[in-house]
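Structure provided below as structure tokens; questions to follow.
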Amino acid sequence: MDLTKGQRDVLEAAGHLLVTGGPGSGKTTVSIIKAAQVTETDIRPGQKILFLSFARATISRVVEAIEYERNIPIAAKRLIEVDTYHAFFWRVLKAHGYLVGLPRRLGILTPPNEAIALSEIRSRFSGRNLSEEQKTEKKVAEAQERTRLAHDKGLICFDLFATYVGDILRGSERVCRLLSTMYPVIILDEFQDTNGPQWDVVRTLGKFSRLIALADPEQRIYDWIGADPARLDHFRDAFNPVEVDLSTDNHRSAGTDIAVFGNDILTGRFRQKEYKGIEFDTFASYPDAAMTKLVTTTYASRQRLVAQNTNNWSLAILVPTKKMTRLVSDALRSPPAGMAEVSHTAAIEMGAAILGAEIIALLIQPPNDGRHFTQFIELLCNYFQGKDGNEPTQGSLTEATRIRAAYEELLALQAKGKSIRKNSLLVNLLAVYDQVRALVLIGDPDQDWRAVRQVLENGACRRLKGVAEEVKNLRVLDRGTQLRQYLSQDWRDHKYRNALAITRQAFIEEHFSTGTKPETGVVVMNMHKAKGKQFDEVIIFEGWPRRVKGKIVANPDRIVRFNAKEQIDDQARQNFRVSVTRGKRQTTILTPEDDICALLLPEE
């Protein structure tokens, strides 16, 4: 590639290094070339360069870029280790967690299971009108329970990884030196988004390792989980790094004004009447009209990419909220006015889908231990306790309580030789369970999984219908996936006897996987999930106001809260900019015609 002056400066720099620049400025690419350069001069036998990033999508792109970079020798490629911050922290924690009082045997408390574990606490503090005192009390109670689970059961939630690793490194210089000996150079991608505990780990490792921090000061969209606006100053104060600014470079969307428009979003001052590569359109503010506009815009974008003979083309539809991700996905599956379905994948919140998958995994498992139905009830209760993540609804928690009470009543009746009550909520649930048990499985995990899911979907139990609907969104059994391979082997060996354990382990491995390929085709996701990714084209689609007698009575699912000018803040601007700049060729923005996105209106 032709290097810019800034990229050449990166290659010439020694010592700690801070590289700043906007989306597509070439920070990641030049860091890979820098890493290859360092392997030739500063790496001894047994050592590697460590490249860390937050998003698995970024990791995939980096791995792919290293693989296809012809100017990097194969020997050098093998010396660059690419991983997520979480995965690196977990490796340190498993090896040295005992130094800070954790059990020798550790396991991961996944987000769905963390939600289950904290559901009772969260149910005590439900509602939107908590006082500051109640919010503090809730936060303390949750922290205490996480710590108890870590020390008593060895179950560590993701949010505590960095905290414990920081404790290990501060408490043992020997371990810190050991890691720095293994990784004398560490590249820190998306450094602006590190929270306090993560920065603590970085600062400690920087005593003995050379650090190369890659950052976009205007792409800090994770303030809500601890990213600090002053983080780059912290790095400067701690390490006095060489600084290289790549902010004027643009490799991702070269030949367009996408990056220029993204920068103008930050100021609210639009310097051009038109921006090459940026398209705007509007839609009428009611569901069918909005979704019709989205579907036809998607058709046009898809046709454009196919006509350009783009290999493995990608089109992202980015929306402001999780709820809207589902609405859009449903609309693409069944578009209004009889339009053709749009084949796509949807990046939904996975908590409910994972808990639902555990239920299906148990249902394909043979009932060999006499506890099969009991386990089924436990998993269904877990599903309702954990399906809503950090904000469990009272309705879901009540469902779990009612199911558990109905099962205890059934056990009491059976102990007396009596039958289940005719109006028990378990009647329909048992009927569907028996239908699943009557299925003849064939040993093809995908077909067996679908068969069970369809029984739940078509059965008489509305609770299990909801489970089936959630699991529809999973693609873990596509050809070539590890879960499919493991389940196939388990069928051959044990007729799915270990299906639940295999499924649980597969989701943990999926979280740490670096082999995920970048998305292709049409992808729907919320705007936060697009961070670290890039697509040939992007469509940004937001919600619309609801009016009664011409007056707005609700305005959900907007890029700016309520689409109110007074609600515009740095987070909204940065989030919008990140989304706009994911596009390499074109970004199309769809907004209601009677209530244009507040961020598109010029500053008064």
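Each residue takes its place number in the sequence, starting with 1.
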Return yes if a side-chain donor-acceptor contact under 3.5 Å exists between Arg252 and Thr581, otherwise no.
-> no
Are any side-chain N or O atoms of Asp189 and backbone N or O atoms of Ser53, one a donor and one an acceptor, separated by less than 3.5 Å?
-> no
Going through the distances and angles, do Arg585 and Arg304 end up as a side-chain contact (heavy atoms from CB on, under 4.5 Å)?
-> CA-CA 11 Å; Arg585 303 181 181 205; Arg304 194 161 46 240; over 6 Å; no
Please lay out, stage by stage, how Leu17 and Val244 fare under the test side-chain contact (heavy atoms from CB on, under 4.5 Å).
-> CA-CA 8 Å; Leu17 181 59; Val244 179; 4.1 Å; yes
Set of residues satisfying ring pair (Phe, Tyr, Trp, His ring centres under 6.0 Å) with respect to His16, sequence neighbours excluded |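 Per chain and number, His16 pairs via ring pair (Phe, Tyr, Trp, His ring centres under 6.0 Å) with Phe239.
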Where do Ser301 and Ile539 come nearest, in terms of heavy atoms and distance?
->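 Closest pair (atom of Ser301, atom of Ile539, distance): CB-CD1, 4.4 Å.
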Side-chain heavy-atom pair Asn250, Ser253 within 4.5 angstrom cut-off |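 Heavy-atom side-chain distance check passes, below 4.5 Å.
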Shortest non-hydrogen contact from Asp200 toward Gly166 | OD2-CA, 4.1 Å
In terms of side-chain geometry, is the basic nitrogen of Lys139 or Glu142 positioned less than 4.0 Å from the acidic oxygen of its partner?
-> no
Would you say Met291 and Tyr286 make side-chain contact, with heavy atoms under 4.5 Å?
-> no
Indicate yes or no: at least one non-hydrogen side-chain atom of Ile212 is less than 4.5 angstrom from one of Leu214.
-> yes
Give the minimum heavy-atom separation between Val471 and Ala357, together with the two atoms involved.
-> CG2-N, 3.6 Å
Atom CG of Leu294 and atom CG of Leu332: how far apart are they, to the nearest 0.5 Å?
->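 The CG atom of Leu332 is 6.0 Å from CG of Leu294, to the nearest 0.5 Å.
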Distance-only, no hydrogens or angles: does the Arg582 side chain make a donor-acceptor pair with backbone N or O of Val578 under 3.5 Å?
-> yes
Out of curiosity, Glu391 CD to Thr393 OG1, how far, rounded to the nearest 0.5 Å?
-> 10.5 Å
Side-chain heavy atoms of Arg547 within contact of Val553, under 4.5 Å =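 Sidechains of Val553 and Arg547: no contact.
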Give the minimum heavy-atom separation between Leu599 and Ala572, together with the two atoms involved.
->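 Scanning both residues completely, I find the closest heavy atoms to be CD1-O, 3.8 Å.
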Once you round to the nearest 0.5 Å, how far does CZ of Arg231 lie from NE2 of His234?
-> 6.0 Å
Specify the closest pair of heavy atoms between Ile156 and Ala150, including all atoms of both residues, with the distance to one decimal.
->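 Closest approach of Ile156 to Ala150, heavy atoms only: CD1-CB, 3.5 Å.
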In chain order, what residues pass the side-chain contact (heavy atoms from CB on, under 4.5 Å) check against Pro287, with sequence neighbours excluded?
-> Trp544
Look at the side chain of Lys293 and the backbone N and O of Thr591, then say whether any donor-acceptor pair between them is shorter than 3.5 Å.
-> no
Side-chain donor or acceptor of Thr587 paired with backbone N/O of Val580 under 3.5 Å =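 Yes; at least one donor-acceptor contact below 3.5 Å.
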To the nearest 0.5 Å, tell me how far Gln303 CD sits from Thr298 OG1.
->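 If we round to the nearest 0.5 Å, Gln303:CD and Thr298:OG1 are 12.5 Å apart.
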Taking the side chain as every heavy atom from C-beta outward, state whether Asn390 and Arg122 have any atom pair closer than 4.5 Å.
-> yes
Presence of salt bridge, Asp536 and Lys584, under 4.0 angstrom | yes
If you look at every heavy atom in Cys157 and Arg146, which pair is closest and at what distance?
-> SG-CD, 3.4 Å
Backbone N or O of Met324 within a donor-acceptor pair of the Thr321 side chain at under 3.5 Å?
->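 Yes, the answer is positive, given that a donor and an acceptor are paired below the 3.5 Å cut-off.
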Can you find a side-chain donor-acceptor pair between Gln567 and Arg558 that sits under 3.5 Å?
->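 Distance-only check fails for Gln567 and Arg558.
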Is the backbone of Arg326 close enough, under 3.5 Å, to the side chain of Ser329 for a donor and an acceptor to pair up by distance?
->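 No, because the side chain of Ser329 does not come within donor-acceptor range (under 3.5 Å) of the backbone of Arg326.
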Stepwise side-chain contact (heavy atoms from CB on, under 4.5 Å) test for Val538 and Leu315 | CA-CA 6 Å; Val538 166; Leu315 165 62; 5.9 Å; no
For the atom pair CZ (Phe125) and CG (Leu130), what is the distance rounded to the nearest 0.5 Å?
->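 The distance works out to 8.0 Å.
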Start with the C-alpha gap between Asn555 and Asn563, add the side-chain angles, then the distance that decides, and say whether side chain to side chain donor-acceptor pair (under 3.5 Å) holds.
-> CA-CA 7 Å; Asn555 211 350; Asn563 200 41; 5.8 Å; no
With under 30° as parallel and over 60° as perpendicular, where do the rings of Phe270 and Phe261 fit, or are they tilted in between?
->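 Rings of Phe270 and Phe261: parallel, under 30°.
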Any chance CZ of Arg124 has more than 12 other-residue heavy atoms, nucleotides or ligands included, within less than 6.0 Å?
-> yes
Determine yes or no for a side-chain-to-main-chain donor-acceptor pair under 3.5 angstrom, with Asn526 supplying the side chain and Pro320 the backbone.
-> no
Distance-only donor-acceptor check, side chains Glu279 and Thr588, under 3.5 Å | no
Side chain of Gln7, backbone of Thr4: donor and acceptor closer than 3.5 Å?
-> yes
For Ser579 and Asn575, indicate whether the former's side chain and the latter's backbone hold a donor-acceptor pair under 3.5 Å.
->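 Yes.
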Would you call Val342 and Tyr299 a side-chain contact if the rule is heavy atoms closer than 4.5 Å?
-> yes
State, yes or no, whether a side-chain contact exists between Leu149 and Thr147 at a heavy-atom distance under 4.5 Å.
->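 A side-chain contact under 4.5 Å is absent here.
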Please determine, by modelled atom types, if Thr267 and Arg573 share a side-chain donor-acceptor pair under 3.5 angstrom.
->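 Side-chain D/A pair, Thr267 to Arg573: absent.
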Output the distance between atom OH (Tyr164) and atom CG (Leu93), rounded to the nearest 0.5 Å.
->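 Interatomic distance, Tyr164 OH to Leu93 CG, rounded to 0.5 Å: 8.5 Å.
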Give the C-alpha distance, both sets of side-chain angles, the deciding distance and a yes or no for ring pair (Phe, Tyr, Trp, His ring centres under 6.0 Å) between Phe541 and Phe283.
-> CA-CA 10 Å; Phe541 177 64; Phe283 53 83; 5.3 Å; yes
CG/Asp233: more than 12 non-hydrogen atoms of other groups inside 6.0 Å | yes
Is there a ring pair (Phe, Tyr, Trp, His ring centres under 6.0 Å) between Phe161 and Phe158 once you walk through the steps?
-> CA-CA 5 Å; Phe161 282 14; Phe158 291 129; 5.3 Å; yes
Side chains of Asp388 and Ser396, donor plus acceptor under 3.5 Å | yes
Is there a donor-acceptor pair closer than 3.5 Å between any side-chain N or O of Arg577 and the backbone N or O of Ile265?
-> no
Note, Leu590 side chain near Thr297 side chain (heavy atom, < 4.5 Å) | yes
Check: Ser314/Glu519 side-chain N/O donor and acceptor closer than 3.5 Å |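 Side-chain D/A pair, Ser314 to Glu519: absent.
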Would you sort out whether Lys531 and Glu190 count as a side-chain contact (heavy atoms from CB on, under 4.5 Å), showing the intermediate values?
-> CA-CA 10 Å; Lys531 190 174 186 301; Glu190 302 175 284; 2.6 Å; yes
Does a salt bridge link Arg302 with Glu537, judged by any charged N lying under 4.0 Å from a carboxylate O?
->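 Looking at Arg302 and Glu537, the cut-off is not met.
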In terms of heavy-atom contacts, does NZ of Lys138 have more than 12 from other residues, nucleotides or ligands at under 6.0 Å?
->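 Result for NZ/Lys138: enclosed.
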